[in-house]
Asker: 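Got a structure for you, written out below as structure tokens; questions coming shortly.
In each ligand, atom 1 is the first atom listed, and ligand 1 is the first ligand listed.
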Amino acid sequence: MPKDNSPLIGIYGGTFDPIHYGHLRIAEELNGIFGFSKLFFIPSGSPRLRNVPIVSKDHRVAMLSAAIQDNESFMLDKREIIRDGESYSVVTLREFREEFGSEAVICFIMGSDVFLNLTKWYCWREMFELCHIIVADRPGYLSTLNNKKPQELTEALVSLQVSSIEDLKKSTHGFIFIVPTTLQDISATVIRESIATEKSVRYLIPDVVLEYIKTNRLYSGKE
Ligand code: ATP
């Protein structure tokens, strides 16, 4: 049971190839709802369950860093970039638990598309011994979330889902909370495709990220 003054830690992992307003808006809304002590953005080094990122780790970190620089609640954590081999969230979570202690409430944030694949993650059940899973919906996935999903995920939802932040805060880990947030049909895939075909991505990503992409000729096929 956490204490009243236990730290409330948010962790937002992703490829961020590139970071976009879908990510940033979800983080801002969840930060408003939860009031995290700290919210860490953790770019994945070598993701196991998706294609190799298009641009280098350094570029992804530089864009993420520029995008969150003006928000004092958002922090960049580079451990998965620095760590050798494939990136496993459970390894990161073990480290966070060690660093913040057994009384910290740790919340791992993911979109509903990623949540639907959770049972394929390395040591996915152990994650519930380390953190809560916070799910932000993504357009097109809510009906899947409600209907067709792996049996093990259905069972996890039956036993672990909570529907309020008060219930979530009764434990430092172990719950699933699907939080209503603003649906935004923004994806890094569409942004990369738009840049490659010279379509505008203005208002989908922060201007500083757009400038960085232009300066370094990323995603255009000319880098
Ligand atoms: P790609 O299109 O390359 O797969 P992406 O846009 O999904 O990329 P990621 O960096 O892979 O971006 O996503 C990191 C996390 O953010 C994931 O948990 C993902 O579900 C979530 N996410 C990304 N975009 C949105 C969005 N528009 N709304 C809600 N969650 C999102």
Asker: Flag Gly111 as yes when one of its N or O atoms lies below 3.5 Å from any N or O atom of ligand 1, and as no otherwise.
Answerer: yes
Asker: So, does Asp17 sit close enough to ligand 1 that a heavy atom of it is under 4.0 Å from the ligand?
Answerer: no
Asker: Based purely on interatomic distance, does Ile109 place a nitrogen or oxygen under 3.5 Å from a nitrogen or oxygen of ligand 1?
Answerer: no
Asker: With a 4.0 Å heavy-atom cut-off (strictly under), which part of Thr189 contacts ligand 1: side chain, backbone, both or neither?
Answerer: both
Asker: Taking only heavy atoms of Gly14 into account, list the atoms of ligand 1 that are under 4.0 Å away from them.
Answerer: 10 (O), 14 (C)
Asker: Please step through ring-ring contact (aromatic ring centres under 6.0 Å, His included) for the pair Phe41 and His23, ending with a clear verdict.
Answerer: CA-CA 10 Å; Phe41 284 74; His23 302 124; 8.0 Å; no
Asker: Any heavy atom of Tyr12 sitting closer than 4.0 Å to ligand 1?
Answerer: yes
Asker: Any side chain to side chain donor-acceptor pair (under 3.5 Å) involving residues 123-134? Give me the pairs, sequence neighbours left out, ordered by first then second residue.
Answerer: Arg94-Glu126, Arg125-Glu152
Asker: Taking only heavy atoms of Met110 into account, list the atoms of ligand 1 that are under 4.0 Å away from them.
Answerer: 18 (O)
Asker: For Gly13, take its heavy atoms, then give the atoms of ligand 1 lying under 4.0 Å from any of them.
Answerer: 14 (C), 15 (C)
Asker: Going by salt bridge (charged side-chain N to carboxylate O under 4.0 Å, His left out), name the residues that satisfy it together with Glu29, two or more places apart in sequence or in a different chain.
Answerer: Arg25
Asker: Please verify whether a non-hydrogen atom of Arg192 lies at under 4.0 Å from ligand 1.
Answerer: yes
Asker: Does Arg192 use its side chain to pair, donor to acceptor, with the backbone of Leu218 at less than 3.5 Å?
Answerer: no
Asker: Can you find an N or O of Arg138 that's nearer than 3.5 Å to an N or O of ligand 1?
Answerer: yes
Asker: Short list, please: which atoms of ligand 1 are under 4.0 Å from a heavy atom of Asp113?
Answerer: 19 (C), 20 (O)
Asker: List ligand 1 atoms under 4.0 Å from Ser187, heavy atoms only on the residue side.
Answerer: 2 (O), 6 (O)
Asker: Quick one: are Phe74 and Glu28 in side-chain contact, heavy atoms under 4.5 Å?
Answerer: yes
Asker: Between Thr92 and Arg83, do the side chains contain a donor N or O and an acceptor N or O under 3.5 Å apart?
Answerer: yes
Asker: With no hydrogens and no angle check, is any side-chain donor or acceptor of Arg97 less than 3.5 Å from a backbone partner on Leu130?
Answerer: yes
Asker: Between Arg79 and Glu99, is the salt bridge (charged side-chain N to carboxylate O under 4.0 Å, His left out) condition met? List the steps.
Answerer: CA-CA 13 Å; Arg79 72 185 68 213; Glu99 284 163 36; 2.9 Å; yes
Asker: Show me which atoms of ligand 1 lie under 4.0 Å from any heavy atom of His20.
Answerer: 6 (O), 23 (C), 24 (N)
Asker: For ligand 1, which atoms have a heavy atom of Gly22 less than 4.0 angstrom away?
Answerer: 27 (N)
Asker: Could you tell me if the side chain of Phe115 sits less than 4.5 Å from the side chain of Ile176, heavy atoms only?
Answerer: yes
Asker: Hydrophobic clusters here meaning ILVMFWY residues chained together by side-chain heavy-atom distances under 4.5 Å, can you tell me if Ile191 and Val208 are in one?
Answerer: yes
Asker: Could you tell me which atoms of ligand 1, counted from 1 in the order shown, lie closer than 4.0 angstrom to a heavy atom of Asp137?
Answerer: 29 (C)
